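We count ligands from 1, going down the list as the structure has it; atoms in each ligand are counted the same way. Computation of the quantities below employed the complete heavy-atom set of this structure, encompassing side-chain atoms and omitting hydrogens, waters and symmetry-equivalent molecules. If you're wondering where the values come from, they're calculated on a predicted model, not measured in any experiment.
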Amino acid sequence: MLTLYGQELGSRMLLGTARYPSPAILADAVRQAGTEVVTVSLRRETAGGRQGGAFFELIRELGVRVLPNTAGCHTVSEAVLTAKMAREVFSTNWIKLEVIGHHDTLQPDVFGLVEAARILAGEGFDVFPYTTDDLVVAERLVEAGCKVLMPWCAPIGSAMGPQNIAALRTMRAHFPDMPLIVDAGIGRPSHATTVMELGYDAVLLNTAVAGAGNPALMAAAFAKAIDAGHAAFEAGMLEPRDMAVPSTPVIGKAVFS
Ligand SMILES: CC(=O)[C@@H](O)[C@H](O)COP(=O)(O)O
């Protein structure tokens with residue numbers, strides 16, 4: 001079981017709801033993944049007017065938990081205001097906090113992120129910060145009140161997969177008891193397995209599923225890959241060795257002379 005801010009979850013896959021070919025395909029992907037948490041951009045959906053209403057209805061029908069996000073916010077004040085509006089609209093204290101600092105890479109503005117996290121945690125929000133793998137920033141986020149950390153593994157939407165394996169491993173070792181979710185940049189199920197094998201607690205992804213030829217099938221593939229990586233980590237994997245080690249014992253073998 002994964003526990004995030006006191007909420008127990010059976011699925012370790014958090015799914016974004018943007019860029020699907022149709023609402024029906026999104027719904028199918030959510031069901032196939034067995035995901036229990038979906039991220040929703042308040043800005044995009046409220047900008048959709050009547051379409052936004054239908055979208056919220058669809059999310060309600062799916063019976064999943066909503067993690068509203070502050071996607072598209074570039075300043076602390078924008079992010080805080082968006083979080084407060086999301087709390088009203090979705091009746092949840094959960095907020096995926098994004099404060100974007102760079103247009104090309106969508107890299108988080110970690111200074112603004114920490115400031116916004118402190119404000120929102122102080123106002124009772126359960127903050128899920130989209131951050132880098134920087135340990136000092138991570139420490140500041142924890143001091144600010146975050147009880148979950150969500151480092152990127154590559155730029156949002158890039159599908160590059162983990163570019164920072166050593167840093168992700170260090171972060172896991174540094175925060176052994178903190179729920180850690182890799183958020184953004186995952187492109188393939190094998191990428192998700194890789195980060196789960198590092199001991200990450202969950203993966204948040206969107207583009208790789210929404211942009212697949214068959215999003216529902218891809219969602220199912222990701223769900224299996226995430227579970228496989230988690231099971232492998234729990235099982236305890238061998239460290240690679242330089243030399244061969246016979247897998248069949250030599251003691252007791254027949255001797256021909
Ligand atoms: C939906 C959402 O929250 C995204 O901003 C998230 O960061 C996922 O990134 P990918 O689209 O790269 O999977």
Side-chain angles (χ1 to χ4, degrees), residues 4 11-21 23 25-26 29-30 33 35-48 55 58-59 62 64-74 78-79 82-83 86 90 92 94-110 113 116-117 126-133 146 148-164 168 180-196 200-212 215 218-219 221-223 225-226 229:
L4 301 175
S11 166
R12 293 175 181 272
M13 177 168 165
L14 289 73
L15 195 57
T17 55
R19 297 181 179 274
Y20 288 79
I25 291 174
L26 160 65
V30 170
T35 193
E36 294 167 44
V37 178
V38 295
T39 64
V40 176
S41 161
L42 179 72
R43 285 185 151 203
R44 185 173 61 87
E45 296 314 330
T46 47
F55 178 82
L58 175 72
I59 297 294
L62 286 168
V64 288
R65 191 167 180 124
V66 173
L67 173 58
N69 69 44
T70 62
C73 294
H74 284 74
E78 256 185 312
T82 304
F90 295 106
T92 177
W94 281 19
I95 190 75
K96 179 188 156 179
L97 183 59
E98 286 186 24
V99 182
I100 299 299
H102 194 261
H103 283 280
D104 293 337
T105 61
L106 300 180
Q107 179 161 348
D109 167 356
V110 293
L113 181 70
D126 296 332
V127 181
F128 294 67
Y130 161 62
T131 185
T132 62
D133 52 44
C146 296
V148 174
L149 296 171
M150 302 209 300
W152 68 351
C153 76
I156 294 174
S158 69
M160 283 196 277
Q163 303 296 300
N164 52 353
L168 290 175
L180 298 180
I181 301 172
V182 168
D183 173 14
I186 296 278
R188 297 172 177 209
S190 57
H191 297 156
T193 305
T194 298
V195 298
M196 293 301 288
Y200 275 70
D201 295 284
V203 169
L204 194 165
L205 76 159
N206 189 158
T207 308
V209 170
M218 186 60 83
F222 266 105
I226 289 167

So do the side chains of Y200 and R12 get within less than 4.5 Å of each other, counting heavy atoms only? no
For C153, the option from L205, V203, N164 that meets side-chain contact (heavy atoms from CB on, under 4.5 Å): N164
Please state which protein non-hydrogen atom is closest to atom 13 (O) of ligand 1 and give its distance, to 0.1 Å? N206 N, 2.9 Å
Classify the ring geometry of F128 against W94: parallel below 30°, tilted from 30° to 60°, perpendicular beyond 60°. tilted
For G16, the atoms of ligand 1 under 4.0 Å from one of its heavy atoms are 1 (C)
Considering only non-hydrogen protein atoms, determine which one is nearest to atom 10 (P) of ligand 1 and report residue, atom name and distance to 0.1 Å. T207 OG1, 3.6 Å
Nitrogen or oxygen of G157 less than 3.5 angstrom from that of ligand 1: yes
Ranked by distance from atom 7 (O) of ligand 1, the top protein heavy atom is D183 OD1, 2.7 Å
Are V40 and F55 packed together at the side-chain level, in the sense that at least one heavy-atom pair is separated by less than 4.5 angstrom? yes
Is there a side-chain contact between I59 and V64, using heavy atoms and a 4.5 Å cut-off? yes
Indicate, as side chain, backbone, both or neither, the part of T17 found under 4.0 angstrom from ligand 1 when only non-hydrogen atoms are considered. neither
Quick check on contacts: which atoms of ligand 1 are under 4.0 angstrom from a heavy atom of T39? 1 (C), 2 (C), 3 (O)
Looking only at heavy atoms, is any part of L205 under 4.0 Å from ligand 1, and if so is it the side chain, the backbone, or both, or is it neither? both
Residue, atom name and distance, where the atom is the protein heavy atom closest to atom 5 (O) of ligand 1: E98 OE2, 3.1 Å
Atoms of ligand 1 close to N69 [distance to a heavy atom under 4.0 angstrom, numbered from 1]: 3 (O)
Heavy-atom distance under 4.5 Å between the side chains of I100 and Y130, does that happen here? yes
Geometric N/O contact Y130 with ligand 1, under 3.5 angstrom: no
If you draw a 6.0 Å radius around CZ in R188, do more than 12 non-hydrogen atoms from other residues or ligands fall strictly inside? no
N/O to N/O below 3.5 Å, does that happen between S158 and ligand 1? no
For a side-chain contact (heavy atoms from CB on, under 4.5 Å) with K96, tell me which candidate from T70, L14, L67 qualifies. L67
Do any N/O atoms on G185 end up under 3.5 angstrom from N/O atoms on ligand 1? yes
Please report which non-hydrogen protein atom sits nearest to atom 9 (O) of ligand 1, along with the residue it belongs to and the distance in Å to one decimal place. A184 CA, 3.4 Å
With a 3.5 Å distance limit and no angle check, can you tell me whether T193 reaches the backbone of A225 through a side-chain donor-acceptor pair? yes
Might you work through the side chain to side chain contact (heavy atoms under 4.5 Å, CB included) test for V38 and L62, ending with a clear yes or no? CA-CA 10 Å; V38 295; L62 286 168; 5.9 Å; no
Closest to atom 2 (C) of ligand 1 among protein heavy atoms sits K96 NZ, 3.4 Å
